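Heads up, the thing below is written out as structure tokens.
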Amino acid sequence: MPAEWEKHSGCWMLWCQRSDTWRNGGKPGQRAFVEVATAISQFEPVTMGVNADQYENARAMLPSQVRVIELSNDDSWMRDCGATFVVNDNGAVRGVDWVFNAWGGLEKMMYFPWDKDALIATKMSEIEGVDYYRSILVNEGGSIHTDGQGTLLTTESCQLNPNRNPKLSRTEIETQLQDYCGIEKIIWLEQGVFEDETDGHIDNLCCFVRPGVVALTWTDDKNDPQYERSAAAYDLLMSVTDAQGRSLEIHKIHQPNPMYMTQEEAHGLDVVNTAFLRPEGERLAGSYINFYIANGGIIMPQFDDEYDAPAMQTLAELFPNHKVVGITAREILLGGGNIHCITQQQPAP
């Protein structure tokens, strides 16, 4: 599994429309998705998968350079249900089709059914004409992050959650990740971002920015529940080496101030066939780490917050050869994730 900063042939996304995930019939979310797709398309080709009943609307809203295809889906989290692409020593690209159970299956009941999402990875591989592997591991793309040199980051709170792979031991889960991602060492962090609906995906907490260098979400407020999580992650990252034997260099990126779902936002959601609700006053798992690395570009979330500019400045310093583009991303956050969660890179052959 290549690092995200390695060359891409394109980026995949899925159009949002679920009225129990995206408020006001998905319209505010769709406008945010258009901004993200438009920004990424400055740097690399973008494909937007769309349900048939939204095809004409999406095609009209998206710029002409974004490819729009009919791709049946249950919701729009391409990072998690889509294929994880890998490259072999000859440069051939193949897909990995993880088992998708919508972040916890019937036990968690984020939404049901998810059978269309479970077919996305296979369809992506078929559309691109690449072979693919099918793993037995329940896994989401947002729960893994690699440096392209044999090291993978993940969290125990997600991978070892009994709502994912209750019949697999930690060693068996490690073997699946090693076999299908082609990695040699896994760095396990305990927990992700506070109130992250995914049970703590790594892509909201920390990521590699280049080999041996990690960006980590942070807060200086010791009374914030996130402080203990980030501090524990920092201590662990400082104590380990990567697959190449390097000690890690850690860059803290201060999180936005705590954000909460407003009454208006909560009332804009429909209650459909789910036991999972997003009530007024719920804390949102805001993080600047949830950015996408494109070919020469960084597409990062902004929240109209005092920490927006410092986060953008830090990423500009960490990626001196990339143009950093900020996208107002609260609408995506209200749906339960952010920019990295709705995108999936396809590495170039």
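Reckoned from all heavy atoms, side chains included, excluding hydrogens, waters and symmetry mates. For clarity, every value in this text was computed on a predicted model and none was experimentally measured. This chain uses plain numbering: 1 for the first residue, then up along the sequence.
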Using distance alone, with no hydrogens and no angle criterion, decide if Glu265 and His267 have a side-chain donor and acceptor under 3.5 Å apart. no

Once rounded to the nearest 0.5 Å, what's the spacing between atom CD of Glu107 and atom CG of Asn101? 9.5 Å

Measure from the side-chain N and O atoms of Arg79 to the backbone N and O of Gly142, and report whether any donor-acceptor pair falls under 3.5 Å. no

ILVMFWY cluster, Met238 and Ile289 together (side-chain gap under 4.5 Å): yes

Are Trp5 and Phe208 an aromatic pair by the rule of ring centers under 6.0 Å? no

Can a donor-acceptor pair be found, under 3.5 Å and without considering hydrogens, that links the side chain of Ser19 to the backbone of Gly25? no

Mind checking whether Glu317 and His251 have side chains closer than 4.5 Å, heavy atoms only? no

Consider only side-chain N and O atoms of Gln149 and Arg246, and report whether a donor and an acceptor are under 3.5 Å apart. yes

Checking side-chain polar atoms at under 3.5 Å, does Gln176 have a donor or acceptor matched by the opposite partner on Asp179? no

Would you please indicate yes or no on a ring centroid separation below 6.0 angstrom for Phe112 and Trp114? yes

Side chain of Gln191, backbone of Thr155: donor and acceptor closer than 3.5 Å? no

For the pair Tyr307 and His254, name the ring-plane relationship: parallel under 30°, tilted 30 to 60°, perpendicular over 60°. parallel

Crowding at CD, Glu190 (>12 non-hydrogen neighbours, <6.0 Å): no

Nearest heavy-atom contact between Ile327 and Ala39 is CD1-CB, 4.0 Å

Measure the spacing between OG1 of Thr122 and CD1 of Ile120 and express it to the nearest 0.5 Å. 9.5 Å

Should we count CD of Glu306 as having more than 12 external heavy atoms under 6.0 Å? yes

Going by an N to O cut-off under 4.0 Å, is there a salt bridge joining Glu228 and Lys222? no

Which word best sums up how the rings of His340 and His145 line up, parallel for under 30°, tilted for 30 to 60°, or perpendicular for over 60°? tilted

Other residues, nucleotides, ligands: >12 heavy atoms within 6.0 Å of Glu56 CD: no

Are Lys252 and Tyr234 in a cation-pi setup, meaning NZ or CZ lies under 6.0 angstrom from the ring centre and within 45 degrees of the ring axis? yes

Should Arg23 and Glu331 count as an ion pair when the cut-off is N to O under 4.0 Å? yes

Does Asp53, at its CG atom, have more than 12 non-hydrogen atoms belonging to other residues, nucleotides or ligands within less than 6.0 Å? yes

Arg330/Asp305 salt bridge by N-O under 4.0 Å criterion: no

Given 3.5 Å as the limit, does a donor-acceptor pair link the side chain of Ser143 with the main chain of Glu140, or not? yes

Any luck finding a side-chain donor-acceptor pair between Asp308 and Tyr288 under 3.5 Å? yes

Answer yes or no: is there a side-chain heavy-atom contact under 4.5 Å between Thr84 and Gln344? yes

Determine whether the side chains of Arg18 and Tyr111 contain a donor N or O and an acceptor N or O closer than 3.5 Å. no

Can you tell me if Thr38 uses its side chain to pair, donor with acceptor, with the backbone of Glu35 under 3.5 Å? no

Glu184 side chain to Thr151 backbone, donor-acceptor under 3.5 Å: no

Asp221 (side chain) donor-acceptor with Asn223 (main chain) under 3.5 angstrom: yes

What do the steps show when you test Cys158 against His201 for side chain to side chain contact (heavy atoms under 4.5 Å, CB included), and what is the final call? CA-CA 6 Å; Cys158 179; His201 273 182; 3.6 Å; yes

Less than 4.0 Å between a side-chain N and a carboxylate O, is that true for Asp199 and Arg164? yes

Rounded distance (nearest 0.5 Å) linking atom CD of Gln346 with atom CD1 of Ile127: 10.0 Å

Residue pair Leu248 / Ile187, side-chain heavy-atom distance below 4.5 Å: yes

Is there a donor-acceptor contact under 3.5 Å linking the side chains of Ser76 and Trp15? no

For Met13 and Thr343 the tightest heavy-atom approach is CG-CG2, 4.0 Å

Is the distance from the ring center of Trp22 to that of Trp77 below 6.0 Å? yes

Leu168 reachable from Ile183 in the ILVMFWY side-chain graph, under 4.5 Å edges: yes

Could you tell me whether a side-chain N or O of Asp117 sits under 3.5 Å from a main-chain N or O of Asp74, the two making a donor and an acceptor? yes

Assess whether side chain to side chain contact (heavy atoms under 4.5 Å, CB included) is satisfied between Leu153 and Thr146, documenting all intermediate values. CA-CA 6 Å; Leu153 288 166; Thr146 67; over 6 Å; no

Heavy-atom pair with the smallest gap, counting every atom of Ala121 and Val96: CB-O, 4.3 Å

May I ask you to test the Trp12-Met124 pair for a side-chain heavy-atom distance under 4.5 Å? yes

Please determine whether residues Leu189 and Leu152 belong to a single hydrophobic cluster, defined as Ile, Leu, Val, Met, Phe, Trp and Tyr linked transitively by side-chain heavy-atom distances below 4.5 Å. no

Compare all side-chain heavy atoms of Asp80 with those of Trp103 and state whether any distance is below 4.5 angstrom. yes

Regarding Asp220 and Trp218, is there a side-chain donor-to-acceptor distance under 3.5 Å anywhere? yes

Salt bridge check, Arg67 against Glu44: does any charged N sit closer than 4.0 Å to a carboxylate O? no

Quick one: do Cys81 and Trp98 satisfy side chain to side chain contact (heavy atoms under 4.5 Å, CB included)? Show the steps, please. CA-CA 8 Å; Cys81 66; Trp98 310 104; over 6 Å; no

Taking all non-hydrogen atoms of both residues, which atom of Cys16 and which atom of Gly26 are closest, and how far apart? SG-O, 4.1 Å

No-hydrogen, no-angle side-chain donor-acceptor test under 3.5 Å, Thr328 and Gln302: no

In Å, rounded to the nearest 0.5 Å, how long is the span from CD of Glu4 to CG of Asp147? 13.0 Å

Under a 3.5 Å distance rule, please check whether His322 uses its side chain to pair with a backbone N or O of Leu318 as donor and acceptor. no

Between Leu14 and Phe85, is there a shared hydrophobic cluster once you connect ILVMFWY residues whose side-chain heavy atoms come closer than 4.5 Å? yes

Going by distance alone, is a donor N or O of one side chain under 3.5 Å from an acceptor N or O of the other, for Asp224 and Gln255? yes

Leu205 versus Ser230, closest heavy-atom pair with distance: CD1-OG, 4.4 Å

In short, Phe194 meets Ala285 closest at the heavy-atom pair O-CB, 3.7 Å

With the side chain counted from C-beta on, respond yes when Ile298 and Ile293 share a heavy-atom pair under 4.5 Å apart, and no when they do not. yes

Applying side-chain hydrogen bond (donor to acceptor under 3.5 Å, both in side chains) between Asn290 and each of Asp196, Asn338, Asn204, report the one that passes. Asn204

If you define the side chain from C-beta out and look only at heavy atoms, does anything of Ile144 sit under 4.5 Å from Asn139? yes

Distance under 6.0 Å and angle within 45° of the ring axis: does Arg170 meet both against Trp188? yes

Is the shortest side-chain heavy-atom distance between Asn165 and Ile136 below 4.5 Å? no

Counting distance only, does the side-chain N/O of Glu172 pair as donor-acceptor with the main-chain N or O of Ser169 below 3.5 Å? yes

